[in-house]
There are 2 protein chains.
Amino acid sequence: MGRRTVSRRRGEELEQAILDAVWDEFQEVGFLRLTFEGVAKRAGTSKPVLYRRWSSRVEMMMACAVSRMPRPDSIPDTGSLRGDIVALLTLMRSRLRIIGQTAMLALLAEASNDPELRQKFFRAVVNHLLDLLDMAVWGRAIDRGEIRGEQLTERLRRLPIDLVRNEFLLFGDLTDEVVASIVDEVVLPALRDRGASV
Amino acid sequence: MGRRTVSRRRGEELEQAILDAVWDEFQEVGFLRLTFEGVAKRAGTSKPVLYRRWSSRVEMMMACAVSRMPRPDSIPDTGSLRGDIVALLTLMRSRLRIIGQTAMLALLAEASNDPELRQKFFRAVVNHLLDLLDMAVWGRAIDRGEIRGEQLTERLRRLPIDLVRNEFLLFGDLTDEVVASIVDEVVLPALRDRGASV
DNA sequence: ATCCGTAAGATACGGACCGTATCTTGTTGG
DNA sequence: CCAACAAGATACGGTCCGTATCTTACGGAT
């Protein structure tokens, strides 16, 4: 912590030390009280070093969060649409847990004001899951014959993620029961009504 | 603005003047840059007067928002479940528009940290709509025979509001098409699959 | 009509943090 | 081995915080 050594870190080593400090500070004081000064002190460096990398708290926090999020290329094939959806939502939960409700809301709040930041946010947090959902869930279900591609409107396509996100932003915790009710009481019924055999 | 008069406002008159100032300041600089000092200056008063009423930006903003939100006791009976849902979601939109995406996210972010504030937030923003939905939408649909009460799980009950909220928090704007797709591609199908005749 | 309690309004404060400029000094690539 | 570059330290003016202190208008009670 109190970096008093002679040696001067650079490049990767410094970068990682800073990101670790951001994370520790975040865990300790939460995003709303995360400050450049606090992070600099904890990382044993100074504010200008941080400002050379990120122009705001939000960008710094996003870089930190992204570096800690699992980004698998796919999810295991469970053999059924229901199982695959649950598996994807479980991955989503593990990612949301890392950021936490408050930080996620605050990030979204600041990003909602800044188109550039907003784009970064979507790329980092939203799009990856949607891609996985398309490839590893809907794709397989179509191959299995559980659903037909034409049934999948844009809204249905996003539905599982939308519902879990809402639950998380509003309540902050996601139990297995919540995920199950989303899948069994909304997602699958909505698909069935359009002719799916699930 | 530059309150230089001799007269000294009190009670209701002062309260309203302050809330108006909060609103104007909010419109001009947004919630993220809303400050006690800015509001005090605009209202022609001083910080202590504000702190005597609210202990934080968030509480102040919430009081302001609540005072400007329409809170009808009911919504018109359109004759069909679909029409009633759309009517309720339209009311919801008009309320969300008042607060705005950024402010809503920021309020939620700060409320998510503070149980007391969180409760206030839910009472002011969430519960009223849910009650309306129960009474004026599901209630009527059951009376009409469109759905049966047993079909309505807790999740389905909240579904329309959840989906609109998600859309608003993520994208900030709610078009008629979005509301229509929510109702026609998710809510009604999910109900139908459970035996509703809608 | 007057008195008194209450709250308005003004001012000032230490403190946190911002965002930037300046400077020194390791480190590293050529 | 040297020059360029970035790390790291320090300091600055500025904004806003949250609170304490003080004066003074108002409004209700006698």
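Not measured: the values here are computed from a predicted model.
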Checklist entry - Can you list the residues that meet the salt bridge (Lys or Arg N to Asp or Glu O under 4.0 Å) rule with A:R155, with sequence neighbours excluded? => result B:E167
Checklist entry - For residues 22-35 of chain A, which residue pairs qualify under salt bridge (Lys or Arg N to Asp or Glu O under 4.0 Å), counting only residues two or more places apart or in two chains? => result A:E25-A:R42, A:E28-A:R42
Item to check | Residues in contact with DNA chain D, drawn from residues 31-40 of chain B - heavy-atom cutoff 4.0 Å | outcome: B:T35, B:F36, B:E37
Next on the checklist: Once salt bridge (Lys or Arg N to Asp or Glu O under 4.0 Å) is applied, what residue pairs with a partner in residues 94-106 of chain A remain, sequence neighbours excluded?
Outcome noted: none
Checklist entry - Of all residues at least two apart in sequence or in a different chain, which pass the salt bridge (Lys or Arg N to Asp or Glu O under 4.0 Å) check with B:D173? => result none
Checklist entry - Do any of residues 101-121 of chain B sit with a heavy atom less than 4.0 Å from DNA chain C, and if so which? => result none
Checklist entry - Taking only residues at least two apart or on different chains, which pairs with a member in residues 85-137 of chain B satisfy ring pair (Phe, Tyr, Trp, His ring centres under 6.0 Å)? => result A:F171-B:F122
Checklist entry - Which residue pairs satisfy the salt bridge (Lys or Arg N to Asp or Glu O under 4.0 Å) criterion with at least one member in residues 75-87 of chain A, sequence neighbours excluded? => result A:D77-A:R140, A:D77-A:R144, A:R82-A:D184, A:D84-A:R140, A:D84-A:R144
Checklist entry - Which of residues 46-61 of chain A have a heavy atom under 4.0 Å from DNA chain C? => result A:K47, A:P48, A:Y51
Item to check | Listed partners of A:E177 passing salt bridge (Lys or Arg N to Asp or Glu O under 4.0 Å), at least two apart | outcome: none
Item to check | Contacts of B:E150 that satisfy salt bridge (Lys or Arg N to Asp or Glu O under 4.0 Å) - sequence neighbours left out | outcome: B:R148
Checklist entry - What salt bridge (Lys or Arg N to Asp or Glu O under 4.0 Å) pairs are there with at least one residue in residues 118-131 of chain B, not counting sequence neighbours? => result B:E59-B:K120
